[in-house]
Every structure is written in structure tokens, then in C-alpha cells.
Engineer: 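The structure follows.
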Amino acid sequence: MLIRLPTGAVELTIPRAVHTPPPSSIVLARLIDVRPGDTVLDLGCGSGLLAIAAAKLGARRVVAADVDSEALAATRENARRQGVADRVVTREGSWLEAATGEAPFAVIMATPPQTPGPRPFGPRYGGWDGADHLVHIAGAARDHLERRRGRLWMLAISLANPERLRRALAGNYREVQIVHKTDREFSAAEYDSRLPGLMDHLLALREDGKAVFSPTAGGGWVFQNLFFRAARPRAATLPAGAEPDPAGPAATANLAGANARKVGEEYS
Ligand SMILES: C[S@@+](CC[C@H](N)C(=O)[O-])C[C@H]1O[C@@H](n2cnc3c(N)ncnc32)[C@H](O)[C@@H]1O
């Protein structure tokens, strides 16, 4: 798979059992604000796209973590072929467990599984509303970021209770932005093929305000990929992962930028 990044083209080899980077991951790889000398953590690295993109931007050390040993092997091989193996190390473990003993990072990136579902159905499952991994990482990453300049980048789909994620981020970081959005069309058949009845579950979440998607003129549906950047981690006053009262001051965190305001309004 050939991927064009601002730093040049990257060729990735992706074994059958390893997640193939979707267009949204490629967009995230182009957005991340990794600076020369940064230390970076790629949570759920898959084939290593984001880790390699960070190294190409000049990161001095990238920890690429996953629970899947095949993903870690693919990341090592892709990093070697891209000439960045000296700066990309792999760690096996669940989310922030993989960062145990590491110094705080300048940048943490994650695109975790986040498809909602009434019950577990496979590797894409993210809990009842899809946001369980996202919200866990939002809280747990805070204490692994450099206090002054650390930033967390996450891709979140608007099917996965984006308002719950926004609240979790606002409780843990002083700056929260949706810096970019892209549309993703889908059909009921696509989701029902993952689990029979899944589209009905999505429609029920939408009715409840926990999933955001719209019908298209062609009879299908469209959701949004939301590219979140959270910076300036708060002091640990809330337990990591805690979700603050949405009416509290944390909910007024800086959702700066036209995209962010637009998306925020759509959720309200
Ligand atoms: C949607 S894929 C994203 C892969 C890669 N970041 C990309 O954008 O192409 C999610 C990745 O998270 C990994 N993963 C799932 N659960 C995990 C966990 N508890 N801890 C760490 N990684 C996990 C999966 O093995 C998979 O590689």
C-alpha cells in the first residue's frame, strides 16, 4: 500500500490479519503536529502508519504499541523498510499499559476500535455506544503526556457518541479541538453484515442523541470522521477516565476553530 504523506511517499506491507489503514488514518497521519525531537506514543499501531509518519516528521523516539503481536511485527518490518527502525520501538500491551516506565510523551495518537454494538462482535467493537476505548484513552493518556506541551490526537467517528468523548476530553485537557472532519458514507447492509441488527442499534443510538449521522440523497447514510486534538493536560484532580459533569466548567473547554464550533453545534 503506497501512502503519500507531507514528508514523502511511504510503502507499507500489511499482512492479512493486520488492520489496513483506512482513509481516515491517512488523513490523521497528515494532520499530526509532531515536531523534530518529540517523543511519541502510537496506541494501537496496526501496520505502523502513524508511528512511521511521526518518525518521518523528526520524532526522536516513537513507541508503537498494540495488543496484536502480528501488528507489532508488521510495524517493525515497515519501520525497517522506511529507514526509521532506529527510532521506532514496539511494545505489546493494552493501551497505556504499554507505556509503563516510559517518560512522558509530547504526542500520543490513537484510532481505537469504536463501532457501537448491542454486544461484542469482533475487533471493531467499541462498546454499547462505541466510545468505551476512546473515553478510556482520553483519561489514561493525560498522565503520560508532557504537562506543558503534550497533546493527544484521536480519530473518533460520529457514530461513537462524540459528545461523551468531548466531555471526557474536556475534563482532562484545557484545550480540546476538532481540527478537521471528513464524511464517510455507509449503508445499512454494510453494518448489518458486521452483526445482524446493527443498523437498528445505530438508529436507536441516534434517536437517543448518542450517534450522529444523516441520510444521503442516494438512500444511504453518512457519518463524520472527527479529528480531535487535546492539549494542556489538566492536573490529576479527576480519576483518569472519569467523565465530568457536562454542565460543569470543564465542558466549556476551548472548542476553538470553525470546524469545532460547527460540529459542536450539530451535537447540541
Ligand atoms: C482501527 S485499528 C488502527 C490501526 C492503526 N492505528 C491505523 O490507523 O491504521 C485499531 C488497532 O488497535 C489495536 N488494539 C485493539 N485493542 C487494543 C488494546 N486494548 N490495546 C492496544 N491496542 C489495541 C488493534 O490490534 C488494531 O491494530
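Order of appearance sets the numbers: ligands from 1, and atoms from 1 within every ligand. Note that the structure is a prediction, hence the values are computed from the model and not measured. Values below: all heavy atoms of this structure, side chains included; hydrogens, waters and symmetry mates excluded. Starting from 1, each residue takes its place in the sequence as its number.
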Engineer: Could you tell me whether some N/O pair between S94 and ligand 1 is separated by less than 3.5 angstrom?
Structural biologist: yes
Engineer: Counting only heavy atoms closer than 4.0 Å, does ligand 1 sit against the backbone of C45, its side chain, both, or neither?
Structural biologist: backbone
Engineer: When you measure from atom 10 (C) of ligand 1 to every protein heavy atom, which one gives the shortest distance, and what is it?
Structural biologist: T111 O, 3.6 Å
Engineer: Would you mind running through ligand 1 and noting each atom that sits below 4.0 Å from a heavy atom of G93?
Structural biologist: 20 (N), 21 (C)
Engineer: Looking just at side-chain N and O atoms, do N225 and T182 make a donor-acceptor pair shorter than 3.5 Å?
Structural biologist: yes
Engineer: Does an N or O anywhere in P113 fall below 3.5 Å from an N or O of ligand 1?
Structural biologist: no
Engineer: With R206 as the cation and F213 as the aromatic partner, state whether NZ or CZ is under 6.0 Å from the six-membered ring centre and within 45° of the axis.
Structural biologist: yes
Engineer: Give the numbers and elements of all ligand 1 atoms closer than 4.0 Å to a heavy atom of G46.
Structural biologist: 4 (C), 27 (O)
Engineer: What are the atoms of ligand 1, with element, lying closer than 4.0 Å to any heavy atom of P21?
Structural biologist: 9 (O)
Engineer: Quick test: of every protein heavy atom, which one is nearest to atom 13 (C) of ligand 1, and how far off is it to 0.1 Å?
Structural biologist: D66 OD1, 3.3 Å
Engineer: Quick check: H133 and ligand 1, any N/O pair under 3.5 Å apart?
Structural biologist: no
Engineer: Which atoms of ligand 1 are found less than 4.0 Å from any heavy atom of D68?
Structural biologist: 25 (O)
Engineer: Got the closest protein heavy atom to atom 20 (N) of ligand 1, with its distance?
Structural biologist: W95 N, 2.9 Å
Engineer: What class does the angle between the rings of F227 and H180 fall in, given that below 30° is parallel, 30 to 60° is tilted and above 60° is perpendicular?
Structural biologist: tilted
Engineer: Do S24 and R184 get their side chains close enough for a donor-acceptor pair, meaning under 3.5 Å?
Structural biologist: no
Engineer: Tell me, please: is L49 in heavy-atom contact with ligand 1, that is, under 4.0 Å?
Structural biologist: no
Engineer: Report yes if T20 has an N/O atom closer than 3.5 Å to an N/O atom of ligand 1; otherwise report no.
Structural biologist: no
Engineer: We want to know whether W128 and N161 form a side-chain donor-acceptor pair, criterion being a heavy-atom distance below 3.5 angstrom.
Structural biologist: no
Engineer: Considering non-hydrogen atoms of the protein only, which is the closest contact for atom 11 (C) of ligand 1, and what is the distance?
Structural biologist: G44 O, 3.6 Å
Engineer: Using a distance-only test with no angle check, is there a side-chain donor-acceptor pair under 3.5 angstrom linking W95 and H133?
Structural biologist: yes
Engineer: D38 and side-chain hydrogen bond (donor to acceptor under 3.5 Å, both in side chains): which single residue from R149, R61, R60 fits?
Structural biologist: R149
Engineer: Salt bridge check: are E97 and R91 linked by an N-O gap of less than 4.0 Å?
Structural biologist: no
Engineer: Just heavy atoms, cut-off under 4.0 Å: does V67 contact ligand 1 by side chain, backbone, both, or neither?
Structural biologist: both
Engineer: Specify the protein heavy atom at minimum distance from atom 7 (C) of ligand 1: its residue, its atom name, and the distance to 0.1 Å.
Structural biologist: S25 OG, 3.5 Å
Engineer: Should the ring pair F223 and F186 be called parallel, tilted or perpendicular, given that the plane angle runs from 0 to 90° and is split at 30 and 60?
Structural biologist: tilted
Engineer: Salt-bridged, R164 to D132, with N to O below 4.0 Å?
Structural biologist: yes
